[in-house]
Colleague: 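One structure is given below, represented as C-alpha coordinates, and several questions about it will come after.
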Amino acid sequence: MPNKKIIIANWKMNLSLGETKVLAKKFVKKFTGFKDGEVAICPTTIALSEVAKILKDGRLKFGAQNVFWEDNGSYTGETSISSLLEIGCQYVILGHSERRAYLLENYEMIHKKVMAVIKTEKLTPVVCIGESWKERETDRRDFVLVEQLWQALSGVNVFGSQRIVIAYEPIWAIGTGTAIRPDEAEYAHKIIKLALNDMFGMQVVSNNFRIIYGGSINPKNVKGFTDLENMDGLLVGGASLKVDDFYKVVKEITK
Ligand code: PEP
(Lines give C-alpha, C1' and ligand atoms only; values in the text may rest on other atoms or scores of the structure.)
Protein backbone atom coordinates (compact mmCIF):
# COMPACT_ATOMS: atom_id res chain seq x y z
CA MET A 1 0.00 0.00 0.00
CA PRO A 2 1.42 3.45 -0.86
CA ASN A 3 2.36 5.72 2.04
CA LYS A 4 -0.12 8.37 3.03
CA LYS A 5 0.81 11.80 1.74
CA ILE A 6 2.01 14.26 4.38
CA ILE A 7 0.71 17.81 4.14
CA ILE A 8 2.10 20.36 6.54
CA ALA A 9 0.59 23.79 7.11
CA ASN A 10 3.27 26.32 8.03
CA TRP A 11 1.46 29.26 9.60
CA LYS A 12 4.76 31.06 10.24
CA MET A 13 4.29 34.24 12.36
CA ASN A 14 1.14 35.26 10.50
CA LEU A 15 -1.50 34.93 13.21
CA SER A 16 -2.13 36.17 16.72
CA LEU A 17 -2.90 33.59 19.40
CA GLY A 18 -6.61 34.35 19.09
CA GLU A 19 -6.56 34.07 15.29
CA THR A 20 -4.64 30.81 15.53
CA LYS A 21 -7.28 29.29 17.80
CA VAL A 22 -10.07 30.37 15.45
CA LEU A 23 -8.31 28.90 12.40
CA ALA A 24 -7.39 25.66 14.20
CA LYS A 25 -11.06 25.18 15.11
CA LYS A 26 -12.04 25.76 11.46
CA PHE A 27 -9.50 23.11 10.43
CA VAL A 28 -10.98 20.59 12.87
CA LYS A 29 -14.44 21.20 11.46
CA LYS A 30 -13.38 21.11 7.81
CA PHE A 31 -11.31 17.93 8.21
CA THR A 32 -13.99 15.98 10.05
CA GLY A 33 -13.94 12.46 8.63
CA PHE A 34 -10.82 13.11 6.55
CA LYS A 35 -8.48 10.11 6.49
CA ASP A 36 -6.69 10.05 3.15
CA GLY A 37 -3.48 11.77 4.22
CA GLU A 38 -1.56 12.98 7.24
CA VAL A 39 -2.15 16.67 7.89
CA ALA A 40 -0.15 18.68 10.42
CA ILE A 41 -0.48 22.30 11.50
CA CYS A 42 2.59 24.28 12.57
CA PRO A 43 1.57 27.41 14.52
CA THR A 44 3.86 29.73 16.47
CA THR A 45 5.50 28.31 19.59
CA ILE A 46 3.29 30.32 21.90
CA ALA A 47 0.16 28.85 20.28
CA LEU A 48 1.26 25.21 20.33
CA SER A 49 -0.35 24.13 23.58
CA GLU A 50 -3.66 25.81 22.69
CA VAL A 51 -3.61 24.13 19.29
CA ALA A 52 -2.83 20.82 21.02
CA LYS A 53 -6.05 21.18 23.03
CA ILE A 54 -8.10 22.03 19.94
CA LEU A 55 -6.72 19.04 18.00
CA LYS A 56 -7.09 16.67 20.92
CA ASP A 57 -8.87 13.91 19.00
CA GLY A 58 -5.59 13.35 17.14
CA ARG A 59 -6.98 13.30 13.59
CA LEU A 60 -4.93 16.36 12.70
CA LYS A 61 -1.34 16.46 13.90
CA PHE A 62 0.64 19.51 14.88
CA GLY A 63 4.24 20.59 14.84
CA ALA A 64 6.64 23.34 15.83
CA GLN A 65 8.44 25.69 13.48
CA ASN A 66 11.74 25.32 15.34
CA VAL A 67 13.40 23.69 18.36
CA PHE A 68 16.72 23.90 20.21
CA TRP A 69 19.29 21.10 20.36
CA GLU A 70 19.95 21.19 24.13
CA ASP A 71 17.24 19.88 26.38
CA ASN A 72 17.54 22.22 29.31
CA GLY A 73 19.61 25.10 30.66
CA SER A 74 20.53 28.71 30.08
CA TYR A 75 19.35 29.15 26.50
CA THR A 76 17.24 32.29 26.56
CA GLY A 77 14.36 32.28 24.13
CA GLU A 78 14.70 28.68 23.06
CA THR A 79 12.29 25.72 23.28
CA SER A 80 13.31 22.16 24.13
CA ILE A 81 12.39 18.93 22.40
CA SER A 82 11.00 17.48 25.62
CA SER A 83 8.58 20.37 26.06
CA LEU A 84 7.34 19.82 22.51
CA LEU A 85 6.86 16.14 23.28
CA GLU A 86 5.12 16.97 26.54
CA ILE A 87 2.27 18.63 24.64
CA GLY A 88 2.09 15.90 21.99
CA CYS A 89 3.91 17.59 19.14
CA GLN A 90 4.70 15.16 16.29
CA TYR A 91 6.58 17.32 13.79
CA VAL A 92 9.21 20.01 13.88
CA ILE A 93 10.33 22.12 10.93
CA LEU A 94 14.12 22.52 10.86
CA GLY A 95 16.32 24.83 8.82
CA HIS A 96 13.58 26.77 7.05
CA SER A 97 15.14 29.25 4.62
CA GLU A 98 13.51 32.15 6.48
CA ARG A 99 15.38 31.12 9.64
CA ARG A 100 18.57 30.75 7.64
CA ALA A 101 18.06 34.27 6.23
CA TYR A 102 16.74 36.22 9.23
CA LEU A 103 18.09 34.29 12.22
CA LEU A 104 21.40 33.35 10.63
CA GLU A 105 20.81 29.66 11.23
CA ASN A 106 23.74 27.84 9.72
CA TYR A 107 24.52 24.27 8.70
CA GLU A 108 26.09 23.43 12.04
CA MET A 109 23.04 24.57 14.00
CA ILE A 110 20.66 22.70 11.73
CA HIS A 111 22.78 19.56 12.00
CA LYS A 112 22.77 19.77 15.81
CA LYS A 113 18.99 20.16 15.79
CA VAL A 114 18.50 17.19 13.47
CA MET A 115 20.80 15.02 15.64
CA ALA A 116 18.91 15.96 18.80
CA VAL A 117 15.46 15.40 17.31
CA ILE A 118 16.41 12.05 15.78
CA LYS A 119 17.55 10.75 19.17
CA THR A 120 14.04 11.02 20.57
CA GLU A 121 12.48 8.79 17.85
CA LYS A 122 9.17 10.47 18.65
CA LEU A 123 9.35 13.71 16.75
CA THR A 124 9.52 13.81 12.95
CA PRO A 125 11.95 16.44 11.69
CA VAL A 126 10.95 18.29 8.52
CA VAL A 127 14.34 19.29 7.18
CA CYS A 128 14.10 22.14 4.67
CA ILE A 129 16.54 22.39 1.80
CA GLY A 130 16.44 24.34 -1.45
CA GLU A 131 18.40 26.48 -3.85
CA SER A 132 18.34 30.23 -4.39
CA TRP A 133 17.48 31.78 -7.74
CA LYS A 134 21.16 32.48 -8.41
CA GLU A 135 22.13 28.89 -7.68
CA ARG A 136 19.44 27.71 -10.02
CA GLU A 137 20.46 30.09 -12.79
CA THR A 138 24.08 29.06 -12.57
CA ASP A 139 23.15 25.38 -12.75
CA ARG A 140 24.33 24.61 -9.22
CA ARG A 141 20.99 23.36 -7.97
CA ASP A 142 21.84 19.65 -7.79
CA PHE A 143 25.11 20.32 -6.00
CA VAL A 144 23.41 22.66 -3.51
CA LEU A 145 20.73 20.12 -2.65
CA VAL A 146 23.21 17.30 -2.09
CA GLU A 147 25.48 19.58 -0.08
CA GLN A 148 22.60 20.67 2.16
CA LEU A 149 21.58 17.06 2.74
CA TRP A 150 25.12 16.14 3.71
CA GLN A 151 25.41 19.10 6.02
CA ALA A 152 22.13 18.34 7.76
CA LEU A 153 22.26 14.56 7.89
CA SER A 154 25.83 13.32 8.00
CA GLY A 155 26.43 11.17 11.06
CA VAL A 156 22.72 10.66 11.59
CA ASN A 157 21.68 7.12 12.49
CA VAL A 158 18.12 6.29 11.60
CA PHE A 159 16.54 3.85 14.04
CA GLY A 160 13.44 1.67 13.82
CA SER A 161 10.41 3.55 12.67
CA GLN A 162 11.94 7.05 12.99
CA ARG A 163 10.72 9.15 10.08
CA ILE A 164 12.57 12.02 8.48
CA VAL A 165 10.80 14.35 6.10
CA ILE A 166 12.90 16.31 3.61
CA ALA A 167 11.08 19.40 2.37
CA TYR A 168 12.40 20.58 -0.98
CA GLU A 169 11.71 24.31 -0.92
CA PRO A 170 13.33 26.33 -3.68
CA ILE A 171 13.91 29.67 -1.95
CA TRP A 172 12.81 31.63 -5.01
CA ALA A 173 9.42 29.91 -4.98
CA ILE A 174 8.54 30.56 -1.33
CA GLY A 175 5.84 33.16 -0.87
CA THR A 176 6.21 34.46 -4.42
CA GLY A 177 3.07 33.00 -5.97
CA THR A 178 5.20 31.14 -8.51
CA ALA A 179 5.64 27.44 -7.79
CA ILE A 180 8.24 25.32 -9.52
CA ARG A 181 7.14 23.37 -12.59
CA PRO A 182 6.01 19.90 -11.46
CA ASP A 183 8.52 18.11 -13.72
CA GLU A 184 11.32 20.16 -12.16
CA ALA A 185 10.11 19.29 -8.68
CA GLU A 186 10.09 15.62 -9.65
CA TYR A 187 13.63 15.93 -10.96
CA ALA A 188 14.84 17.61 -7.73
CA HIS A 189 13.10 14.98 -5.61
CA LYS A 190 14.84 12.27 -7.63
CA ILE A 191 18.21 13.91 -6.99
CA ILE A 192 17.38 14.09 -3.27
CA LYS A 193 16.33 10.46 -3.20
CA LEU A 194 19.49 9.30 -4.96
CA ALA A 195 21.66 11.30 -2.55
CA LEU A 196 19.77 9.82 0.41
CA ASN A 197 20.21 6.33 -1.06
CA ASP A 198 23.96 6.96 -1.14
CA MET A 199 23.94 8.07 2.48
CA PHE A 200 21.53 5.62 4.08
CA GLY A 201 20.81 2.83 1.59
CA MET A 202 17.63 2.25 -0.39
CA GLN A 203 15.85 0.22 2.26
CA VAL A 204 16.18 2.87 4.97
CA VAL A 205 15.24 5.61 2.53
CA SER A 206 12.12 3.81 1.41
CA ASN A 207 11.08 2.94 4.99
CA ASN A 208 12.07 6.06 6.89
CA PHE A 209 12.33 9.04 4.55
CA ARG A 210 9.66 11.10 2.83
CA ILE A 211 10.28 13.94 0.37
CA ILE A 212 7.75 16.75 0.17
CA TYR A 213 7.63 19.99 -1.84
CA GLY A 214 7.06 23.53 -0.60
CA GLY A 215 6.83 26.87 -2.41
CA SER A 216 3.69 28.76 -3.50
CA ILE A 217 1.39 25.76 -3.72
CA ASN A 218 -2.26 26.77 -4.04
CA PRO A 219 -5.56 25.21 -5.14
CA LYS A 220 -4.91 26.27 -8.76
CA ASN A 221 -1.45 24.80 -9.28
CA VAL A 222 -1.55 21.73 -7.01
CA LYS A 223 -3.08 19.47 -9.66
CA GLY A 224 0.23 19.12 -11.51
CA PHE A 225 1.92 17.75 -8.39
CA THR A 226 -0.55 14.99 -7.67
CA ASP A 227 0.81 12.08 -9.68
CA LEU A 228 4.55 12.59 -9.40
CA GLU A 229 6.45 9.44 -8.53
CA ASN A 230 8.68 10.92 -5.83
CA MET A 231 6.20 13.36 -4.29
CA ASP A 232 5.28 12.32 -0.74
CA GLY A 233 3.42 15.48 0.16
CA LEU A 234 3.55 19.25 0.54
CA LEU A 235 4.62 22.01 2.89
CA VAL A 236 2.16 24.86 2.45
CA GLY A 237 2.60 28.43 3.70
CA GLY A 238 0.27 31.14 2.38
CA ALA A 239 -2.49 28.83 1.16
CA SER A 240 -2.68 27.14 4.57
CA LEU A 241 -4.02 30.33 6.15
CA LYS A 242 -7.37 29.89 4.40
CA VAL A 243 -9.07 26.70 5.44
CA ASP A 244 -10.97 26.24 2.17
CA ASP A 245 -7.87 26.73 0.01
CA PHE A 246 -5.83 24.40 2.17
CA TYR A 247 -8.56 21.77 2.13
CA LYS A 248 -8.66 21.90 -1.68
CA VAL A 249 -4.87 21.48 -1.81
CA VAL A 250 -5.03 18.50 0.55
CA LYS A 251 -7.90 16.84 -1.30
CA GLU A 252 -6.10 17.21 -4.63
CA ILE A 253 -2.71 15.90 -3.50
CA THR A 254 -4.25 12.92 -1.69
CA LYS A 255 -6.40 11.83 -4.66
C1 PEP B 1 7.02 27.85 3.24
O2 PEP B 1 7.51 28.92 3.56
O3 PEP B 1 7.32 26.81 3.83
C4 PEP B 1 6.06 27.85 2.13
C5 PEP B 1 5.86 26.74 1.49
O6 PEP B 1 5.44 29.04 1.87
P7 PEP B 1 4.46 29.41 0.66
O8 PEP B 1 3.55 28.22 0.44
O9 PEP B 1 3.74 30.61 1.09
O10 PEP B 1 5.34 29.63 -0.53
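Whatever order the structure lists them in is the order used to number ligands and atoms, beginning at 1. What you see is a predicted model; the values in this text were computed from it and never measured. Residue numbers count from 1 along this sequence.
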Colleague: Check E137 with K134, please: is the shortest side-chain N to carboxylate O separation under 4.0 Å?
Modeller: no

Colleague: Please list, by chain and number, the protein residues whose heavy atoms come under 4.0 Å of ligand 1.
Modeller: N10, K12, H96, E98, E169, A173, I174, G175, G214, G215, S216, L235, V236, G237, G238

Colleague: So, D183 and R181, do they make that salt bridge, N to O below 4.0 Å?
Modeller: yes

Colleague: May I ask you to check whether Y75 and W69 place their ring centres under 6.0 Å from each other?
Modeller: no

Colleague: Please confirm whether the ring centroid of F62 lies under 6.0 Å from the ring centroid of Y91.
Modeller: no

Colleague: Closer than 4.0 angstrom, basic N to acidic O: yes or no for E105 and K113?
Modeller: yes

Colleague: Is a salt bridge present between E252 and K5, judged by a nitrogen-to-oxygen distance below 4.0 Å?
Modeller: no

